[in-house]
Number of protein chains: 2
Amino acid sequence: MKSIDHLDITFQALADPTRRAILARLAQGEASVNELCEPFAMSQPAISRHLKVLEQAGLISRGRDAQRRLSRIEGGPMAEANAWLEGFRRFWEPSFQRLDGLLEEMKADEAKRGKEK
Amino acid sequence: MKSIDHLDITFQALADPTRRAILARLAQGEASVNELCEPFAMSQPAISRHLKVLEQAGLISRGRDAQRRLSRIEGGPMAEANAWLEGFRRFWEPSFQRLDGLLEEMKADEAKRGKEK
DNA sequence: TATTTATATAACCTATTCATTATATGTAAA
DNA sequence: TTTACATATAATGAATAGGTTATATAAATA
C-alpha cells in the first residue's frame with residue numbers, strides 16, 4: 001500500500017510562488033477570489049485552481065459571503081511542515097552544532113580509552 | 001524577468017517522500033549512494049537523480065571517498081523554509097492567537113471611541 | 001424574469017516530474 | 001591492463017502541473 005504522507009501535498013502546495021503569495025495575502029485577513037486575483041498577471045481560473053490546491057492541502061478553508069467566496073488560512077498543515085523541519089534544526093543552529101561537536105569529542109575520548117585498555 | 005525564488009526549489013525538493021527519507025537518513029551522518037539506495041524499492045539511477053535534485057536545491061553537498069560519493073546535509077535552505085513558515089506561526093500557536101484576539105479588541109474599542117467623539 | 005457579478009469547471013497545450021532500462025564513466029584492485 | 005565496483009547519464013514513457021480560453025453555475029439586482 002502506498003503511504004499517503006500529508007507532507008507531500010503540503011510541500012507541493014507551498015512550492016508555487018503564486019500560492020505562497022496568496023497565503024501571504026491571506027495572512028492579513030480573508031479575501032475573495034477577485035481580490036486574490038488582483039496582484040497577479042494571470043487569469044481568474046488559474047487563481048481558482050491555485051485556491052483549490054491550497055484547499056485540498058488543508059492550507060486554507062473557504063466560506064461564502066453572498067456571491068463571493070472568502071478564503072482564510074488554516075494553520076494545521078504549516079504546523080506539520082514546520083515540525084518536520086524542526087527535526088533538522090541542528091543543521092543550521094550554531095548552538096546545536098556546538099552540542100554535536102561536544103558529543104563527537106566525547107565519543108572520540110571514549111574510543112581512545114577503549115584502545116588503551 | 002522571472003523572479004527565481006529559492007523557496008520554490010526547496011519546497012519542491014521537500015515535496016517528495018523519497019527525498020525526505022534520504023534527508024532523514026543523512027541526519028544520522030553522511031552516506032554513499034548505495035547506502036542510500038538500500039531502504040528503497042527503487043533503482044539506483046532513480047536515487048542518483050533524487051540526490052541531484054537535493055544537491056541543486058542546496059539541501060545536500062557531496063564529496064568523494066575513493067569510488068564512493070558521500071552526501072551530507074546542508075542546513076541553509078531548510079533554515080530559509082523554516083523562516084518563511086515562522087511568519088505564519090500565529091495561525092497555529094495558541095499564544096499568538098490570544099495576542100491577535102487582544103489586538104482585535106483594542107481595535108474595536110478604538111473604533112467605538114471614534115464614533116462617540 | 002433578464003442581467004450582472006463572482007466563481008467554478010471543461011477542454012486543451014506544454015513543460016516537468018518520477019520512474020524505468022541500458023550504457024557510460026571514474027576509481028581501485030588484481 | 002583487465003576486471004570489478006560505485007555512480008552518473010541517456011533515452012524513454014506515463015502522470016502531473018500550471019497556464020490558457022470558453023463556458024457553466026450561483027447569487028444579487030434591475
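The sequence lines fix the lettering, A, B, ..., with proteins before strands; numbering per chain opens at 1.
The pair K52(A)-E55(A) does not meet the salt-bridge criterion, since no charged nitrogen lies less than 4.0 angstrom from a carboxylate oxygen.
Nearest-nucleotide positions on DNA chain D for S32(B) and R64(A) put S32(B) closer to the 5' end.
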I22(B) and H50(B): side chain to side chain contact (heavy atoms under 4.5 Å, CB included), yes or no, with the steps?
CA-CA 9 Å; I22(B) 288 173; H50(B) 281 304; 4.1 Å; yes
In sequence, state the C-alpha distance, the side-chain angles, and the governing distance for R20(B) and D8(A), and then conclude on side chain to side chain contact (heavy atoms under 4.5 Å, CB included).
CA-CA 9 Å; R20(B) 287 200 308 279; D8(A) 293 22; 2.6 Å; yes
Chi angles and distances behind the side chain to side chain contact (heavy atoms under 4.5 Å, CB included) call for L26(B), L36(B):
CA-CA 9 Å; L26(B) 292 178; L36(B) 293 172; 4.0 Å; yes
How does each nucleotide of nucleotides 9-21 of chain C score, in 5' to 3' order, for protein heavy atoms under 4.0 Å: base (B), sugar-phosphate only (S), or none (-)?
B--------BBBB
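Taking both residues in full, the closest heavy atoms of W92(B) and A79(A) are given as CG-CB, 3.5 Å, listed atom of the first, atom of the second, then distance.
At a cut-off of 3.5 Å, with distance as the only test, a side-chain donor of R72(A) or S61(A) sits close to an acceptor on the other residue.
Where DNA chain D meets chain B (any atom under 4.0 Å from a heavy atom), the bounding nucleotides read 5' to 3' are dA6(D) to dT9(D).
In R25(A), the CZ atom is crowded: over 12 heavy atoms of neighbouring residues, nucleotides or ligands sit closer than 6.0 Å.
When ring centroids are compared, F88(A) and W84(A) come within the 6.0 Å threshold.
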